[in-house]
Structures are given as structure tokens and as C-alpha cells.
Amino acid sequence: MWKRRRSLHLEESEVNIKNTKLKSNDIQRLKSVIIEKIEAQNEVYGWIALIAAFLAIQAVVSTGNYSGYSNAPKFGDFEAQRHWMEITIHLPISQWYVNSTENDLSYWGIDYPPLTAYHSYIFGKISNALNPSWVELHKSRGHQTTNHLAFMRTTVIVTMLFLYAPALILTLRGFLPKNMNFYDKFVIGFAALFYPGLIYIDNGHFQYNHIALGLFIWTIYCFQKRKVLWGSFFFVLALNFKQMELYHSLPIFVYLLSLSCSSSPSITTKITKTICNISKLGIVVIFTFILLWLPFFQNIELFTQVLRRIFPFERGIFEDKVANFWCSLNVIYKLKTHLSTETLIQISLLFVLCSALPSLFILFKKPNDKNFRLSLTITSLSFFMFSYHVHEKTILQCAIPALFLLPDYYEVVTMLLDASSISMFGLCIKDEIPEILFMFLVYHIVTRILCSHRTPKLQLLKSVQIAISLAVCGLQLFGVPPKRYPYLFELLNAVFSFGIFALFWLYLNYIIISGFISQLQNAQQQQQQTSQKKKKVQ
Amino acid sequence: MLFRCYISTDFEVHRNWMAITHKEPLSKWYYNNVSQWTLDYPPFFAYFEKTLSFIAEAVDKDILTLQEEPFLTDSVLIFQRVSVVAVDLLFIAACAIAAEALINLNQWGKGSINIRRKFALFITLVFTPSLILLDNIHFQYNSMLYGILLLSFAAIFSQKYLLGALLFAILLNFKHIYLYYVPAFVIFYLFEYLPPFNFYSLSRMFGLGLAVALPVIFSFGPFFAAGDIEGIQQILSRLFPFKRGLTHSYWAPNFWALYNSFDYILYKALPIFKLKKLCEATKILKCSFKAPTYVLGVVEEYSHSVLPNITPIHTLVATLVFLVPLFFMRISTKRERLLFSTILSGYAFFFFGWHVHEKALLMIYIPMILLSFDNLKFLDTFILLSIITPVTQFPLIFTSVENLVKYSLTLSYLITLICLLRFVYRLPFSQIVNKTNLGFAITVSLLEIYKVLIHELIFKNTMDFLPLMLTSLICAIGVTVSYGQFFYIVFCEGIKINLAKRRCHKLEAKIHAQIKEEAQKKFDIKNVQFVAGADISAFPSQPDLAVVSLSVLKYDTLEVVYYADKVVRLNQLYIPEYLAVREAEPVVDFINEHKCRHQIDVLLIDGNGQYHSRSKKY
């Protein structure tokens, strides 16, 4: 079609030389506009298809077991979510977080912030309308019917499709380079959307992480579009859905602070503008907080009770075998026997802050998109590796910001994603769905095949990584551990994953620091050049 | 991944077959009736089960227990699920090969469009939701069989006719339902392979005979050796149980479903309107007014209450009548004949056959996928079928979590399909999904909502048969419509052309009269600011797709100020002298669409009379 137009145009140009230049420019421009239009439309359809496929995958994973299936008397996370629905609709708000005869906190008491409770309340009302026996007080404990299961699975799928997936796609699109071709965009979108860790935890194991993470991604999206106030609003919501979002709060705080600092030359306007910006943000944040916590302000005791539920420091530095620093260190040096809880908390806090500091400092100095993404991932990894009482599911908090690094460091990030999924394999075994490993593997293979720019060294590294992880998983699944160390293989997995996370953390730090230094050098050179020019002029 | 879905009886069926083939000597396979699920597939399938049983023995010996009661443990479950996934690999490979073969045969120019089509066809085939539902949830080995079918198609596409025949014969010995295709293959080889009739055709005939006979000998031979002619008779009696009813417990959406529901409506309606006497007056009708048994969901013979009973002979005659058109097809390529005839014979058997399973709709659907990627004319029919095929399978799977899966899978397949088609052809949405299909999609989704939510509210646990009946009724209407569409496209082109020509003549006369009237109007060139040109151009290799474009130029500087284009599907036929019939409509629509977006004073359209000229010029 275009060839024909071109040739027609050539004939014309021979006749009418005067207009040739103008017209050829025009046609070139139009051509690029049209191609862009087609590409954009293609992209939209591509994303829709991806989301549709996402739906299918979720549904398939949904048929698997959930955590604590037929595992009386405590059951698992699925029962926890159901139990919260039961509690929230039958008890008054003030009783939600308080231990009483009606609300036995040792049986899956609510330990997430209020937004989760409200969310449970809404779905509790819906399930009560559909079938009251699903959420009957006390009697419904350990309720297991397929209809109820289908309902719960649907609640996850719905929010995942309409809250999480669009946020992810929209935000990711903003971070993609403009001149990237359709295929590469599609591949990155695929790798981000089909990240198996989250699909497993939310659709398989059963939790609502995607809501907190989705809200967090909306935050990034708003920041990307320079709507800072909306962004902070969303972040407060995310924070109030799961306290784990604190992992992201430091970079976001620094980023906002740095953005609020006005760069006007005169000092007085600078200060007033900065204060004005900060106070605006402060009002939004505080107002949202107050709104969400309003029912719990009745008396101070209730408030502290809720806080105590949300931050349970008495639970120890790590629970099961987690791929973080403390658990790995524990192999050599038994922490719990040597140090008291107090000191452990202090040490872990110190470690986290120290490890996150360089990236935060650079983010403060140069608050651009890339540094923001990098430091989000770095800080959350620091938290994951060094902070107090980490759960293996918490790696999601690091993996999701890492998804936005896919456009820049595709291969390295997919390595992290693989490692993070496989570090949760112990959970899969507990949930009796080892077939999830198959999904992790397919994800690894597909992301690897689709990738169009490969570097041989990294490919080799990836093969080594996946081979070791598979071996470890195989041991976990079929191996019989020695009697002295019943958790040997779990520990092996944890330590190995920790190694990969630590390497990745170092690599990101290297990137952000070297980028910063080269920027500084450039700036210095420019300064020198300008000063030299000035001298010459003089 | 669908390991933990509900467990249908077919599990036990296949496990039992495995046990039979493992424990019993070959001659006893078709006599064994320890369990109620006797072996009723042809011998190759039995061999297949035998091979599986060797692996099963290595995994866990308990799997092969031969007993009357169903036997189910975790290892049985996992073993069987894994075996399906393993043979799925064959299906995936077959899809890739078939897609490659078909698209290579019908290249559309150069460039990426062929790769895009290949990719889309592959995805469409592999992720057919009905197959996933049937195999991975309900549990059967259909994928493998369709894989062999696709391989056979692929062999024929790449002109290895003998291989194609061989593969088809093997397939036939796996599952006898593929007898549906036999007329199609016979016709294909009769018209395309054997002629021209000369000395060489004899050798070809010999080769063909050999290709067909070999699998048969290999499959039935051992039984003949073991049990003489009786052994084969026993197999045949197991394969063709005519003792079952006209329709399955759940009616497959074919003509007889319509017939049954009409009968049922009459049975309910006649007493209300007091037409019993009228009914008895027409002697053909039965008017027995016994409650019909077919609504009870049993697999038995039954009789109708008002309309005359149907016997196997009736269905056979109807099927044969509808097979006759196979001889009168207008064919342009060999692959078209193959696909047309398979679809047509599939339709005939499915629509009028005795005791048809709803699964058999796949036998129309799979070739239809291939055909629609070969020829865009069938896109509408194809989409209609892709809506209906999964819906007919839905009643097979009824537990709540699996409900979620079946809906999600189907929805996601349909959306992906539309996106893929859009990606391949760059057609706008309205051109991909036409109004009929949209209507069907909405009806079907309403039906499913009713089934899941509303039915229980209204009837509680009574009237179990109603949703099933509604499903098969609606799907039957859909199948009928698709059958009609297909028939129309294949056979009625001539009528269409004549109609269009006549319309053209009338219009021409009208236009002449108008021109005479308007010729006097004056036209001032000074008022002209913008000149527009519009044209349409069809793809040389795919005449059903065309690009319309419109450019607006400023009159004085000839600067391009507006440009638009769009890919359209041409629904009308190409008639040598009447190009306008085919191309005018999209152009006019397109101009109307863009008229309001930019001012146009003069419109230039090239009628291109030179290449499509008539002897007499107007």
C-alpha cells in the first residue's frame, strides 16, 4: 500500500518540482504518524490479550490447593481470610482487634491494618448475602465447601484483574523507552504480568497481597504522571492495607521530600515553597490516615492494641526458614541463644538503615525515575534481608518494584524473579501444591526464549542458577533429610536464595552508585569547560 | 495444572481399560466385563492403553487393579493427569506443523503477515478451550487424536497424500468417531488424488489401498488371529451400541435437540390451548401425552410424546441426504476441498446422527479454524462456532471451582482470539465480530449467568433438566445458524451474484435519471478549498481484505492536510463487470465516517473502468 503511494508520489514530483519538498516531508510525517497509530492500537490489543491470558492462568492456579487445606485445627491463610470476614461482620468495629470470648486472637486474629479489615468486611457482607453459613460466627471455622472456595477464588481474581493488572501495565508502559519495538514491549509486559510468585501466593496459597501491591503500583503511576498528591494518597491506602508496605516507605518519603524541595534561586521563596509543598503532602497523608483510623480513635487503649497487633515484635527475628541474612547467619552463629530480643531489634534496624542509606542519599540528590525505581528495589531488599521478623512471602515486596526495572536490566531481573519464586517453594510443599514448580519453570523458559537480546555470560549464569535451584527443589520434594537436621533442604534453599538476593542487591547498588558518580563527573567537567570558556573570553 | 479438579467417571473408564489391557490376554480384551466400563474404542486405543499400563506398572502397581468398583488413589490421579499432559505435547507439535503447512501453502505476499498468521493459527489451535476442558479436566485423550488428525491434514497440505491417508486410517483405528470424516476423505481422494484416470492412477490406487489397509491389519489382525471372525464381531458390537437413545442424556446441540424441545413444548402447550382434538386429526402425530422420559437424563431408548418417533434409519437417511452436497462443491484449491468436505460431513453427521456426543462439535470446529485462517469468508462462522463449542461442553463440568475455570478459560480464549485476529488483519472490532455473533455471545453469557445464579433461586433443586435443555437449545440454534452460513457461502454464491447484478442495474437507471436532473447545476471553482481523493485496494493474495484510504489536500498548495485509512473485509463477491458491487460500499461508509472530521469540497474517486471494463461503456 505504501509502496504504491510512494510511486504515485514520485510521478507527481516529476511534474511538479515546486511542491516536492513540502509534500515528501508531509508524507513522511504522515507515515510516521500512521505507523505510530497502528503500533499504539496494536499495543492496546496486545495488553488486552495479555490480561485475558492472565485471567486464564489465575483460574488454572485457582484450582490447586490452598494453604491449610483440611489441616485442622489451625488451617492456614485461607482460613485466616475467611475468619476475618466472619469476625468483621459479626462484631462491632471496636472489637475487631481485641481479644474476647467472641474473638479469639490466638485463632487467626486480624494482624493487618484497618483497610484489610474493611476489605474483609465488604466481602464478608457479600458472602453473608450469598450463603450465611460461610461466615457464621464460630460455627464456620474451617469451613470447606467448593462453592465457598469458588467465591473466595473469584474475589482474588476480580481485584487482581481490575486493580493490579491495569496498574502494572499502565505503569510499565510509562517506563518503556519510546523507540522500543512492539515485540520487546510485549515480552517485558509478559514477564511482569505473569510473575509466578505473586500468582502463586495470591491465587494458590491465598492472600490479598495484590491489593496492597496494586495500590503501591498506582502510587508509582501517579508519581510518574507527576500527580504527587494522588500518589501519596494511594500509598497511604497501601500502607493501611498491609504494614509490609513500610518496606517501600523510605524511598517514597525521600523522593517526595526531594521533589518538594524547590530549586528557585532566592532563599526565602525556596523555603516558603518547600514548606508549602510539604504541608500539602502532609495534609493529604494525615487526612487519609485519620479517615482510615477514625473508628479506632475512641480510646487510646484500643489504638495501641491495634498497633500491637500489627507490629508483633514478640514473634522472634525470623519464623521459618527465610532467605535473609539472619537466617543464613544463624547457620554459623546461633542468634537466638546469644542475643536478647531488644538488641536484635536494634541491630536489625541499624543494618537496614545502613544498607539502604547510599541509595536513599543518591535518590535525594537526583530524584529521577530511574533512581526511584532502583532505590525502591534496593531498600525493599535491604528490609527483606536485614529486618526483623521477615516472612518468605515478603520477597514479593522486593520483586514487584523489581518488575519496573525489567525494561533496563531484563536478564538480571528475571534471574531475581526466578530466585524469588523458587525461594517460596517450601511453602508450596507445605500447601501440597508442588506442581507450582512447573509454573515457575515454564516462566523461566518462556522469559528466556522470548528475550531477543541475550548476553551469553548471563545466559550461562541463569542456567547454572536454575539448575542449582531445581536440584535443591528436587531434594526438598523427594530427598529424605538426615535426622539431626530435619530442615536441612529448606535451609539450603533459603541460603542459596539469599546468596542471589545479596548479589542482586550489590549489583543494583553498583549501578546506582556508578551512575551517580558518572553524573557528578560529567557535571564537574561541564563546570570546568564553562569556566575555561569564561577565562578564554576574559 | 488442573490436577486437582473434580474427577469424572471417565477416569475410572480409562483406568479400567488400562487394567484390562494389562491383565488380560489380547483375545479377551473385548470380552471382559468385570467393570461396567467395558472397552469400546478400536484396537489402537487399546494398544495405547497397553503401552501406558507398562509405565503405570513401573510407577505403582496398584493402578492396574482389575475390579468392579471404581478404584482411585492419588497415584492413579497423578499418573493419569500426567499422561494426558504428556500426550498433549504431541498435539502441540501437530498444531505447529499444521499451522506451518497451511500458511506456507497460502502465502499472502511477503513480510511479517505470514508469520503473524502462523502464530495466530498456532495459538488458536493449541488453546482451544473445549479441548482443555475435555482432556485436562474431564479427562480424555482427545488432544492426541486431534493431533493425529492435524498431522494428517498437514501431510495432505504438503502434498504427501499417502502419508495423509495412512495417518487418517490410524486415527480411525484409535477412535471410531472419526468415521464422520470418512465420506470427506473418500471424496477428497476420489476427486483430487486419483484423477486423471490413466495407467498411473492404478498404482496410486494401490498405494492408497495399502495405506488404508495397513493400519487396519495391524489393529484388527491380532484379534482375528486370536479369536477368528468372532473376535472382530465382538469388537464391532462393542464399538457400535445402537441400544442407546436418539440423543445423549444431555442433548448434543443438533437437529434432534431442536426436535426434542419442540416435542416437549408441544407436550406442555397442547393441553393448555386445548388442541388435542386438532392434534389427533392429523394422523402423523402421536399425541400420546405421556410425560417424555428424555428429560430425565437417561442413556436409553425413549419415545417422543407428540411428534413421531425417530429410528436410526431416519437419522441415517437424513445424514446421507446432507452428505450429497459433497459432490457439488465449487472448489478452487485442493486444500479447500479437503476442508470443505470434512466440515460438511462433520456437520451432516453431527446434525443428524444417532446418539451424538456434544464433543463431536469439535470435529467441525477444528477444521473450521484452519479454514478461516485460509479464507476470510468463513471468519464469522468460525467465531460463532468458537463461542458455541465451549458452551456446549460446559454442562460436562459442573462443580463450582471448575465453573470458575471453564468460564475464565473460555472468556480469556475468546478475548485473546479477537486480539489475535486484530493483530493479524488489523481489522476494526466491528469487522471481526459481527452483530449475529455479538448477539449469540450475549445470549450465551446471559444463559450462563442464569444457570449459575438465578436457576437455584427460582427452582431450588427441582427442574434440573431445564438449564441443560436451554443450553442445548440455544447452542443448537447457533449450530444451525453456522451450518446455514457455511452452506450459503459454499453453495449459494451464484444466487448472490445474480441478485447483486439485478440491484446494480436498477441503481444505474436511477443514477442516470438523477444526473440528467442535476446536470444544470453550476459549479464554482473559487469555492473549492479542499480536495479529497479516496480509493480502495484489495490484497492481491487475499481478495477478501482491502485497505480503504482517504487523503484531503488543500486545493491551492496541494498540501496534505488529512489522511486516514482502514482495513476492511469485503463481504460481496467479485463480479468481473460490476466492481462497484464489491468495493463501493466500504468506500462510501469510510467517506461518511470521515466526512465530519474534515471539510471536503470536491471528492475524486477513480472508478478504474479499464481493468474491469464492460463491453459497453456508459
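So that the names make sense, note that chain A is the first sequence line, chain B the second, and so on, each numbered from 1.
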- prompt: Checking A:Phe151 against chain B: side chain, backbone, both or neither under 4.5 Å from a heavy atom?
  reply: neither
message: Looking at every heavy atom in both A:Ala56 and B:Leu409, which two are closest together, and how far apart are they?
response: CB-CD2, 3.8 Å
query: Got more than 12 heavy atoms from elsewhere within 6.0 Å of CZ, B:Phe119?
result: no
Rounded distance (nearest 0.5 Å) linking atom OH of A:Tyr45 with atom CG of B:Leu420: 12.5 Å
- prompt: For the atom pair CD1 (A:Ile57) and OG (B:Ser408), what is the distance rounded to the nearest 0.5 Å?
  reply: 11.5 Å
- prompt: Which value, rounded to the nearest 0.5 Å, describes the distance between B:Cys419 atom SG and A:Ile48 atom CD1?
  reply: 5.0 Å
message: Show the nearest heavy-atom pair for residues A:Ala59 and B:Leu404, with the distance to one decimal.
response: CB-O, 4.5 Å
task: For A:Ala49 and B:Thr416, work out which heavy atoms get closest and say how close.
output: O-OG1, 4.1 Å
message: Can you list everything that forms a side-chain hydrogen bond (donor to acceptor under 3.5 Å, both in side chains) with A:Arg448? Sequence neighbours excluded, please.
response: A:His444, A:Gln459, A:Ser463
- request: Measure the CD1-CD1 distance between A:Ile51 and B:Ile415 for me, rounded to the nearest 0.5 Å.
  value: 9.5 Å
query: Which bit of A:Leu50 is near chain B, if near means a heavy-atom gap under 4.5 Å: side chain, backbone, both or neither?
result: neither
A:Phe162 CZ: over 12 foreign heavy atoms closer than 6.0 Å: no
